[in-house]
Amino acid sequence: VTIFGNVQQRTLEVVYDLGSGKIGFGAGGCQ
Amino acid sequence: ATAESNNLHLLHLNSLLPSSSCSSSTKGSKRKGSLEVVHKYGPCSQQNDGERKVTDSDILNLDKERVKYIHSRISKELGGDDSVKELDSATLPAKSGTLIGSGNYFVVVGLGTPKKDLSLIFDTGSDLTWTQCQPCARSCYSQQDPIFDPSKSSTYANITCTSTLCTQLSSATGNDPGCSSSTKACIYGIQYGDQSFSVGYFSRERLTVTATDVINNFLFGCGQNNQGLFGGSAGLIGLGRHPISFVQQTASKYNKIFSYCLPSTASSTGHLTFGGGGGAYRNLVYTPFSTLSRSSSFYGLDIVSITVDGVKLSLSPSLFSSGGAIIDSGTVITRLPPTAYATLRSAFRKGMSKYPTAPELSILDTCYDLSAYKDKDIFIPPINFVFGGSATVKLQPQGVLYVASTKQVCLAFAPNGDDSD
């Protein structure tokens with residue numbers, strides 16, 4: 001299994017929407 | 001302009017280095033359900049006492065153990081099983097798997113009435129929320145916050161082992177629950193391959209997320225026998241997909257939406273926010289998450305391709321689909337199929353050929369000595385991930401490099417053991 005780890009997620013806004021079954025990524029979430 | 005035209009990241013090396021003091025003004029969207037996210041080993045952490053006791057090698061070695069745990073958990077659900085049939089608080093065999101709580105970011109929440117603040121690691125790769133509890137009947141490790149004492153809370157209650165809530169623990173932890181012979185209390189157990197574990201009472205309690213957000217009757221593990229490398233945190237908050245996870249338990253309040261932003265360095269803070277709506281998120285690209293047939297707790301992702309320096313890596317589409325992929329807030333370094341990693345590394349090295357190399361760091365085998373560039377700009381090849389639904393995620397430089405020091409700046413990716421992992 002490929003694992004997308006937390007270093008790669010740094011500064012991205014990562015949104016988990018379980019109701020809609022989707023994950024969002026946005027640049028500059030806490031830069 | 002040169003960087004832009006050559007499709008490179010231009011950055012000042014200092015921007016990748018943590019400072020010695022905490023810059024705690026949380027950036028990003030801060031809303032009613034927002035908590036501050038802190039790196040466990042940075043200056044913003046009170047667990048640190050101003051002195052970092054854990055090396056980068058320690059962090060990366062722990063990360064190896066976590067990845068082993070994820071793989072073993074998935075293979076366990078394939079049928080290779082070794083779950084514990086009868087747990088009790090006295091004996092817990094060491095099992096294959098590993099430290100679920102090695103993630104490096106935590107938040108502070110309040111538990112009980114009156115509330116006691118606890119620093120909990122947040123983890124999208126697990127489901128059960130637990131904390132160490134008094135009287136620590138068997139064992140508690142050292143933690144920064146005072147250990148939670150349920151006898152001093154007016155809202156604490158044990159779950160009985162005849163309750164259907166108790167039986168949910170099997171799929172949430174991989175271990176069947178136990179039952180106290182005297183009180184009929186439900187006993188959970190969660191265990192790890194490095195022999196770290198937590199065993200205790202499965203309970204309900206009032207959880208204070210923020211000053212205005214209170215969850216009554218929250219189900220959690222009240223640990224009486226806790227041993228291992230949890231790094232001074234009081235326990236863990238499980239954000240997986242299982243009905244027992246924080247996300248599912250708070251569905252009516254937060255509508256099963258949460259988000260986080262992990263800070264660029266250990267000396268700054270990010271946020272963990274529950275709930276959405278109100279146009280809170282802008283400029284997002286979305287990808288559908290999937291369910292791994294072998295484990296429904298993880299958030300599955302569909303990786304379509306990777307680009308380095310704007311060039312798509314030449315990889316078979318089946319390379320990622322055969323093993324599947326997950327996103328995990330508790331794993332530090334992204335693990336790729338070895339073939340994909342070798343191709344990415346080759347392209348990255350090509351883009352970094354002007355910089356002197358440095359020795360490898362644990363699982364990171366592509367490192368550079370950038371000490372001569374401490375006060376200069378450096379160029380690094382950008383890396384993009386393309387997920388299902390054509391969601392292209394451009395990694396920031398902080399997401400490409402792991403900086404142990406200016407003498408050892410490493411490509412922050414590692415391979416799995418085999419393409420079929």
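All values derive from a computational prediction rather than experimental measurement. Letters go in sequence order (proteins before strands), and every chain restarts at 1.
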For B:Gln396 against A:Ala27, the heavy-atom pair lying closest together: NE2-CB, 4.4 Å
Validation row, ring centre B:Phe387 to ring centre A:Phe4 under 6.0 Å: yes
Option that, when pairs with chain B are counted at under 4.5 Å, heavy atom only, ranks first among A:Gly26, A:Gly21, A:Gly19, A:Ser20: A:Gly21
Interface moiety of B:Ile383 toward chain A, non-hydrogen atoms closer than 4.5 Å: neither
B:Val285 versus chain A, the contacting section by heavy-atom distance below 4.5 Å: both
Engaged part of B:Leu301 at the chain A interface, taking heavy atoms whose separation is under 4.5 Å: side chain
B:Gln398 versus A:Thr11, side-chain donor and acceptor atoms under 3.5 Å: no
Atom pair CD1 (A:Ile3) and CD1 (B:Ile333), whose distance is rounded to the nearest 0.5 Å: 11.5 Å
Which atoms of B:Ala391 approach chain A - backbone, side chain, both or neither, heavy atom under 4.5 Å: neither
Closest heavy-atom pair and its distance - B:Tyr402, A:Val7: CD1-CG2, 4.0 Å
Nearest atoms (heavy-atom pairs only) where A:Gly29 meets B:Cys261: C-SG, 3.3 Å
A:Glu13 versus B:His271, closest heavy-atom pair with distance: OE2-CE1, 3.1 Å
Toward chain A, the part of B:Thr124 with a non-hydrogen atom under 4.5 Å: side chain
Step-by-step side-chain contact (heavy atoms from CB on, under 4.5 Å) determination, A:Leu18 to B:Gln248: CA-CA 9 Å; A:Leu18 276 70; B:Gln248 299 287 3; 3.7 Å; yes
Max heavy-atom pair count under 4.5 Å with chain A, selected residue of B:Ala412, B:Gly399, B:Ala340: B:Gly399
Part of B:Tyr299 within contact of chain A (heavy atom distance under 4.5 Å): side chain
Atom group of B:Leu395 that falls short of 4.5 Å from chain A, counting heavy atoms: side chain
Polar side-chain atom of A:Asn6 near backbone of B:Ser329 as donor-acceptor pair, under 3.5 Å: yes
B:Ile327 and A:Gln9: CA distance, side-chain angles, deciding distance, side-chain contact (heavy atoms from CB on, under 4.5 Å) verdict: CA-CA 9 Å; B:Ile327 180 169; A:Gln9 298 170 49; 3.6 Å; yes
Spacing of A:Thr2 atom OG1 and B:Arg335 atom CZ [to the nearest 0.5 Å]: 11.5 Å
Side-chain donor or acceptor of B:Thr334 paired with backbone N/O of A:Gly5 under 3.5 Å: yes
Region of B:Asp328 in contact with chain A, defined by heavy-atom distances below 4.5 Å: both
Nearest-0.5 Å distance, OG of residue B:Ser290 to CD1 of residue A:Ile23: 8.5 Å
Residue part contacting chain A, namely of B:Leu401, when any heavy atom lies under 4.5 Å: backbone
